[in-house]
Amino acid sequence: MPELPEVETICNAFKKSVTNPVIKEFKIINPKLRWKINNKIPSILKGKRINNISRRAKYIIMDFDDGSIILHLGMTGILRKTSTFPEIFKHDHFMLKLEDDATYIYNDVRKFGSLHWVYDKSKHFLIKNLGVEPLSRLFSKKYLYEKLKNKKTQVKNLIMNQNIVVGIGNIYASEALYDSKIRPNRISSTITISECENLVKSIKKVLSRSIKFGGTSIKDYKTLDGKSGYFKQKLMVYGLEKCQCGEVLIIVKISGRSSFYCAKCQK
DNA sequence: CTGAGATCCTGTCTGC
DNA sequence: TGCAGACAGGATCTCA
């Protein structure tokens with residue numbers, strides 16, 4: 001479900017809403033996720049203080065004195081803030097209650113999300129091989145070109161590869177490629193240095209614009225208070241039938257996932 | 001090592 | 001209505 005802008009939006013809202021960061025109770029409702037939730041987490045977290053909440057790639061990370069919680073929302077993960085005596089719904093997986101009774105519940109229909117407790121997050125298998133943040137200076141034309149130039153995979157696959165650059169999923173891959181006038185099925189090694197420069201610029205532009213509008217809500221995505229994001233209205237190709245130029249958009253499957261492009265605007 | 005397809009899971013929509 | 005099949009914002013695993 002959520003790509004970088006959605007996770008960023010949720011993470012910021014979560015961080016902002018925490019007033020007393022000490023954990024009163026952590027309760028597992030249904031441990032079955034992408035990986036089973038460790039049943040020691042409730043006792044590990046009880047009484048601990050959250051020092052920081054941040055985003056890395058599509059993960060939300062809570063830091064404590066002696067370790068971290070790593071949360072991934074998968075395709076359908078939703079974090080909701082709720083009342084002191086919350087109603088539990090179908091597909092709820094865990095509840096986090098803070099000292100001031102602020103309560104957060106994680107719901108995930110498809111169970112592709114995950115929750116891990118780690119003592120050293122930098123060494124954790126989910127984190128250690130992640131690529132650069134797309135909105136950082138590390139993500140440059142030079143960096144991407146080095147990654148692209150010898151690869152045979154289609155360029156959309158490459159920019160969605162979290163070991164190269166993080167946070168880009170199926171929507172923003174199509175959007176960024178449209179913005180940079182590159183077809184998603186181009187072989188990576190055929191991308192020129194100037195196209196690469198445009199692609200880097202487009203990725204940064206599309207992601208930061210979406211963050212500004214609170215992310216893209218197509219189906220499941222909601223931020224903490226149940227509200228949708230507004231970037232859907234700004235999409236140029238994903239889920240649409242026609243390009244701005246009037247041409248009918250083409251849908252191709254790339255590694256099994258729908259990819260939208262305009263044959264007239266993208267080369 | 002690289003790259004592509006299968007896979008985990010549930011809900012929704014389309015076509016017969 | 002019923003039912004099969006396709007599809008959904010992710011990413012790991014498996015195999016050629």
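The analysis underlying the following values was restricted to heavy atoms, covering all of them including side chains, and did not include hydrogens, waters or symmetry mates. Letters A, B, ... mirror the listed sequences (proteins, then strands); counts begin at 1.
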### Query
Between I44(A), I23(A), N52(A), which is the residue that forms a side-chain contact (heavy atoms from CB on, under 4.5 Å) with F64(A)?
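Of the listed residues I44(A), I23(A), N52(A), the side-chain contact (heavy atoms from CB on, under 4.5 Å) partner of F64(A) is I23(A).
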Whole Å only: how far is the [atom1] atom of [X] from the [atom2] atom of [N]?
X	N	atom1	atom2	value
F112(A)	dA8(C)	CZ	P	13 Å
N161(A)	dG10(C)	CG	P	13 Å
N163(A)	dT2(B)	CG	P	10 Å
M160(A)	dG3(B)	CE	P	15 Å
L130(A)	dA11(C)	CG	P	9 Å
I251(A)	dC7(C)	CD1	P	10 Å
I187(A)	dA4(B)	CD1	P	7 Å
N129(A)	dT2(B)	CG	C1'	16 Å

### Query
Can you tell which of K205(A), K204(A), R209(A) makes a salt bridge (Lys or Arg N to Asp or Glu O under 4.0 Å) with D179(A)?
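Checked K205(A), K204(A), R209(A) against D179(A); only one passes salt bridge (Lys or Arg N to Asp or Glu O under 4.0 Å): K205(A).
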Sugar-phosphate, base or nothing in reach of [X], heavy atoms under 4.0 Å:
X	value
T216(A)	base
K253(A)	sugar-phosphate
G169(A)	sugar-phosphate
N157(A)	sugar-phosphate

### Query
Looking at the side chain of Q162(A), which of dA11(C), dT12(C), dC8(B) is the nearest nucleotide?
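Shortest atom-to-atom distance from the side chain points to dA11(C).
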### Task
Establish, yes or no, whether a centroid distance under 6.0 Å links the rings of F125(A) and W35(A).
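Close enough - the centres of the two rings lie under 6.0 Å apart.
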#### Entry: Aromatic centroids of Y104(A) and F14(A) separated by under 6.0 Å
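Yes, ring centres under 6.0 Å apart.
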Would you list the protein and nucleotides 10-14 of chain B atom pairs, both N or O, that sit under 3.5 Å from each other?
| from | atom 1 | to | atom 2 | distance (Å) |
| --- | --- | --- | --- | --- |
| dT10(B) | O3' | H91(A) | NE2 | 3.2 |
| dG11(B) | OP1 | K90(A) | NZ | 3.1 |
| dG11(B) | OP1 | H91(A) | NE2 | 2.8 |

If you compare every side-chain N and O of [X] against the phosphate oxygens of [N] (OP1, OP2), does one of them come in below 4.0 Å?
X	N	result
R34(A)	dC9(B)	no
T153(A)	dA4(B)	yes
K151(A)	dG3(B)	no

Of the non-hydrogen atoms in [X] and [Y], which two are nearest, and what is the gap between them?
X	Y	result
S122(A)	K128(A)	O-CB, 3.4 Å
S255(A)	N157(A)	OG-ND2, 3.0 Å
S210(A)	T216(A)	OG-OG1, 3.8 Å

### Ionic contact status for D120(A) with K123(A), cut-off 4.0 Å
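Salt bridge present between K123(A) and D120(A).
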### Query
Would you call R56(A) and E133(A) a salt bridge, taking side-chain N to carboxylate O under 4.0 Å as the test?
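Yes, this pair counts.
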### Query
Roughly how far apart, to the nearest Å, are dG5(B) and dA6(C) at atom P?
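After rounding to an integer number of Å, I get 16 Å for this pair.
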### Message
Check the orientation of H72(A) and Y59(A). Use parallel for under 30°, tilted for 30 to 60°, and perpendicular for over 60°.
### Response
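Ring orientation of H72(A) relative to Y59(A): perpendicular.
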### Message
Please convert DNA chain B into dot-bracket. A pair counts if it is Watson-Crick or G-U wobble with both distances under 3.5 Å; crossing pairs go in [ ] and bases paired with another strand get |.
### Response
.|||||||.|||||||
### Message
If you assign each of Y238(A) and L126(A) to its closest nucleotide in DNA chain C, which residue comes earlier from the 5' end?
### Response
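Taking each residue's closest nucleotide, the earlier one in sequence belongs to Y238(A).
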